[in-house]
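Down below is the structure, laid out as structure tokens.
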Amino acid sequence: SWSFAPLDVLFAIFGLMAVYLEKSGDRRWQLWAIASLSLTFCAGLMAVGFWSSRGEFNPSWWLPNLLLMILPVFWFLRLFVFQPPTERSL
């Protein structure tokens with residue numbers, strides 16, 4: 001559905017901004033990363049909710065959207081929970 005496109009574009013822009021800021025040594029990258037990961041999770045959740053409400057199950061749609069929900073959780077934990085305290089600033 002094209003209605004998800006603006007959210008997809010936004011999480012991609014936020015993610016690219018996070019990478020750019022991190023490479024430039026700007027600590028604000030973490031805020032951009034949190035926003036990007038949150039929007040990515042929401043995009044997957046909205047898509048899964050949409051297909052669930054329609055009662056449709058197609059693995060070619062469900063699997064990528066479930067990945068959009070799982071991968072941000074993995075990266076959030078990796079970046080902000082399991083990082084040594086000396087490297088964490090938030």
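Values reported hereafter were calculated over all heavy atoms of this structure, with side chains retained and with hydrogens, waters and symmetry mates removed.
- Partners of L21 according to the side-chain contact (heavy atoms from CB on, under 4.5 Å) rule, which considers only residues two or more places apart in sequence or in another chain, are M17, D26, R28, W29, W32.
- Y20 OH: 12 or fewer foreign heavy atoms inside a 6.0 Å radius.
- Residue pairs satisfying the salt bridge (charged side-chain N to carboxylate O under 4.0 Å, His left out) criterion with at least one member in residues 53-62, sequence neighbours excluded, are listed as follows: R54-E56.
- F74 and L66 fall within a single hydrophobic cluster, where Ile, Leu, Val, Met, Phe, Trp and Tyr side chains are chained together by heavy-atom contacts under 4.5 Å.
- Annotation: side chain to side chain donor-acceptor pair (under 3.5 Å) contacts of S60 (sequence neighbours excluded): N58.
- Each salt bridge (charged side-chain N to carboxylate O under 4.0 Å, His left out) pair with one or both residues in residues 3-19, not counting sequence neighbours, would appear here, but there are none.
- Pairs engaging residues 62-82 under the side chain to side chain donor-acceptor pair (under 3.5 Å) rule: none recorded [sequence neighbours left out].
- Atoms CG and CG, on L68 and L45 in that order, are 10.5 Å from each other to the nearest 0.5 Å.
- Here the side chain of S36 pairs a donor or acceptor atom with the backbone of F11 at under 3.5 angstrom.
- Under the 4.5 Å side-chain contact rule for hydrophobic residues, L63 and I70 do not share a cluster.
- Residues satisfying the side-chain contact (heavy atoms from CB on, under 4.5 Å) criterion with L10, sequence neighbours excluded, are F14, L39.
- Residues passing the ring pair (Phe, Tyr, Trp, His ring centres under 6.0 Å) test with F76, sequence neighbours excluded: F80.
- Taking all atoms of both residues into account, the shortest heavy-atom contact from P64 to P59 is CD-O, 3.8 Å.
- Linking Ile, Leu, Val, Met, Phe, Trp and Tyr residues whenever their side-chain heavy atoms come within less than 4.5 Å leaves V19 and I13 in two separate clusters.
- Not counting sequence neighbours, the partners of M46 by the side-chain contact (heavy atoms from CB on, under 4.5 Å) test are F4, L7.
- Under the side-chain contact (heavy atoms from CB on, under 4.5 Å) criterion, P6 pairs with no residue at all, not counting sequence neighbours.
- Sorted by first and then second residue, the salt bridge (charged side-chain N to carboxylate O under 4.0 Å, His left out) pairs with a member in residues 38-53 form an empty list; sequence neighbours excluded.
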